[in-house]
There are 2 protein chains.
Amino acid sequence: MPPAVAVRAVRADVRRNRARLLAAARETFGRDGADASLEGIARLAGVGIGTLYRHFPTRQDLLEAVLADAYDGLAATARELLAAPDPGAALAAWLRAYVSGVTAFPGLAASAAVALRDDPPESSAACRAMREAGSALFARARDAGDVPPDAAFTDALRLAAGIATVTEREPNAAGRLLALASRGVLSGKAG
Amino acid sequence: MPPAVAVRAVRADVRRNRARLLAAARETFGRDGADASLEGIARLAGVGIGTLYRHFPTRQDLLEAVLADAYDGLAATARELLAAPDPGAALAAWLRAYVSGVTAFPGLAASAAVALRDDPPESSAACRAMREAGSALFARARDAGDVPPDAAFTDALRLAAGIATVTEREPNAAGRLLALASRGVLSGKAG
DNA sequence: ACCTGAACACCGTTCAAGT
DNA sequence: ACCTGAACACCGTTCAAGT
């Protein structure tokens with residue numbers, strides 16, 4: 001199968017460029033935020049700007065690729081937390097991890113929120129896997145009676161994304177808002 | 001007092017330019033979102049770009065001036081709702097109005113959230129008045145036992161800002177998330 | 001005192017040429 | 001098949017000149 005070999009050879013090249021672009025993006029976004037210069041990222045990666053655009057047609061595509069790492073970690077965390085004794089506390093811990101994961105640098109949380117819209121663009125495999133793992137954690141908490149029976153997982157995740165977006169780089173504020181949303185702003189009385 | 005007269009004459013000029021810039025900003029932002037071209041706004045207002053920068057040194061300043069209208073309306077609404085019978089329902093209605101008011105166009109909610117940071121920049125008089133009126137509504141709901149006694153008004157408002165930011169142009173989603181945050185993601189059990 | 005707008009610097013994006 | 005980077009278009013911001 002000579003074509004397969006040829007394809008594999010090309011892929012090595014392409015993959016190396018992609019990996020370099022991602023590493024450069026992580027470094028640059030982490031320093032300058034999500035609105036950093038794309039030309040700077042291409043320069044740091046040692047590729048032409050056209051190559052960056054070939055791999056990541058939009059800034060959002062590049063940001064979502066950066067997010068994939070965080071999603072992998074969050075999916076693993078969700079699966080671990082499925083074994084935790086208190087379903088509600090496990091869900092709360094996971095939502096905190098989500099907020100923390102998508103606030104690695106300014107502007108990232110807003111990108112993460114895009115994948116949670118009512119009519120979202122097609123999302124990455126990592127994002128889908130993260131949501132599936134989180135959904136199981138959510139269902140367990142709901143079955144245990146820790147979450148309102150009519151609540152939707154995506155809405156809860158989106159709420160966390162909103163908190164992350166407005167509390168970027170303010171972990172204390174993020175914690176307060178998550179606690180308030182968990183307990184309920186209007187939950188003074190019994191129900 | 002001749003100087004006072006001279007000052008007043010100048011102010012008329014300055015105010016007219018400011019009003020034109022604001023009208024142009026409302027129209028342009030409303031059509032193109034908060035990242036619309038500032039040159040286009042100056043052109044539409046019939047002033048030079050330098051005049052726009054003189055009045056509004058940053059884009060955020062211009063957006064906050066646009067927000068002032070919404071804040072005036074929200075302050076009035078809060079004062080009216082103080083007379084509503086159910087304190088909790090009144091607060092809920094006002095938070096819905098806030099979300100609706102700061103989502104007039106894409107990008108506005110994120111600007112509104114800036115004024116709610118833990119260490120916010122100095123905010124407009126309209127914003128302060130809105131927060132004071134909302135705070136009274138919040139205190140009433142808390143005194144009535146509709147809100148957790150240790151909850152902070154600014155955190156509740158910030159939560160609404162976060163919801164607004166991630167659900168822009170999706171009123172249904174905004175309603176669902178507000179309902180979820182009001183009841184509490186983890187409020188399945190009694191308390 | 002305020003306004004103008006040319007000038008500067010910078011960035012996003014495309015695409016013809018190259019390998 | 002992929003990469004390069006010059007070229008184009010556009011925008012933010014400043015500031016010398018004007019009123």
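Every chain is numbered from 1 and lettered A, B, ... according to where its sequence line falls, protein lines coming before strand lines.
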note = Regarding the side chain of A/Ile49, the nearest nucleotide among C/dT14, C/dG12, D/dT13 is C/dT14
message = Please pick, from C/dT14, C/dC3, C/dT4, the nucleotide with the shortest atom-to-atom distance to any side-chain atom of B/Val14.
response = C/dC3
Atom pair distance, as rounded to whole Å: [atom1] in [X] and [atom2] in [N]:
| X | N | atom1 | atom2 | value |
| --- | --- | --- | --- | --- |
| B/Asp32 | D/dC10 | CG | P | 14 Å |
| A/Leu38 | C/dC10 | CG | C1' | 13 Å |
| B/Asp13 | C/dA1 | CG | P | 15 Å |
| A/Leu63 | C/dG12 | CG | P | 12 Å |
| B/Glu39 | D/dA9 | CD | P | 16 Å |
| A/Phe56 | C/dG12 | CZ | P | 16 Å |
| A/Gln60 | C/dT13 | CD | P | 13 Å |
| B/Arg54 | D/dG18 | CZ | C1' | 14 Å |

Would you indicate, yes or no, if [N] has its OP1 or OP2 atom less than 4.0 angstrom from a side-chain nitrogen or oxygen of [X]?
| X | N | result |
| --- | --- | --- |
| B/His55 | C/dC3 | yes |
| B/Ser37 | D/dC10 | no |
| B/Asn17 | C/dC2 | no |

task = Quick one: label B/Ala36 by what it contacts on the DNA or RNA (base, sugar-phosphate, nothing), any heavy atom closer than 4.0 Å.
result = sugar-phosphate
task = Look through every strand shown and name the nucleotide pairing with D/dA9 as Watson-Crick or G-U wobble, where both distances are under 3.5 Å.
result = none
ask   = Partner of D/dC2 by Watson-Crick or G-U wobble geometry, both contacts under 3.5 Å, or none?
value = C/dG18
query = Is the number of heavy atoms from other residues, nucleotides or ligands within 6.0 Å of CZ (A/Arg18) greater than 12?
reply = no
query = Does a salt bridge link B/Arg26 with B/Asp69, judged by any charged N lying under 4.0 Å from a carboxylate O?
reply = yes
ask   = Is it true that a side-chain atom of A/Thr167 and a backbone atom of A/Glu170 form a donor plus acceptor pair closer than 3.5 Å?
value = no
task = Find which nucleotide of DNA chain C each of A/Gly50 and A/Gly40 is nearest to by heavy atoms, and output the residue with the more 5' nucleotide.
result = A/Gly40
request  = Take B/Asp118 and B/Arg158 through the test salt bridge (charged side-chain N to carboxylate O under 4.0 Å, His left out) and record every step on the way to the result.
outcome  = CA-CA 10 Å; B/Asp118 276 356; B/Arg158 225 173 158 182; 3.1 Å; yes
query = What pair of heavy atoms forms the shortest contact from B/Ser124 to B/Tyr71, and how long is it?
reply = OG-CD1, 4.4 Å
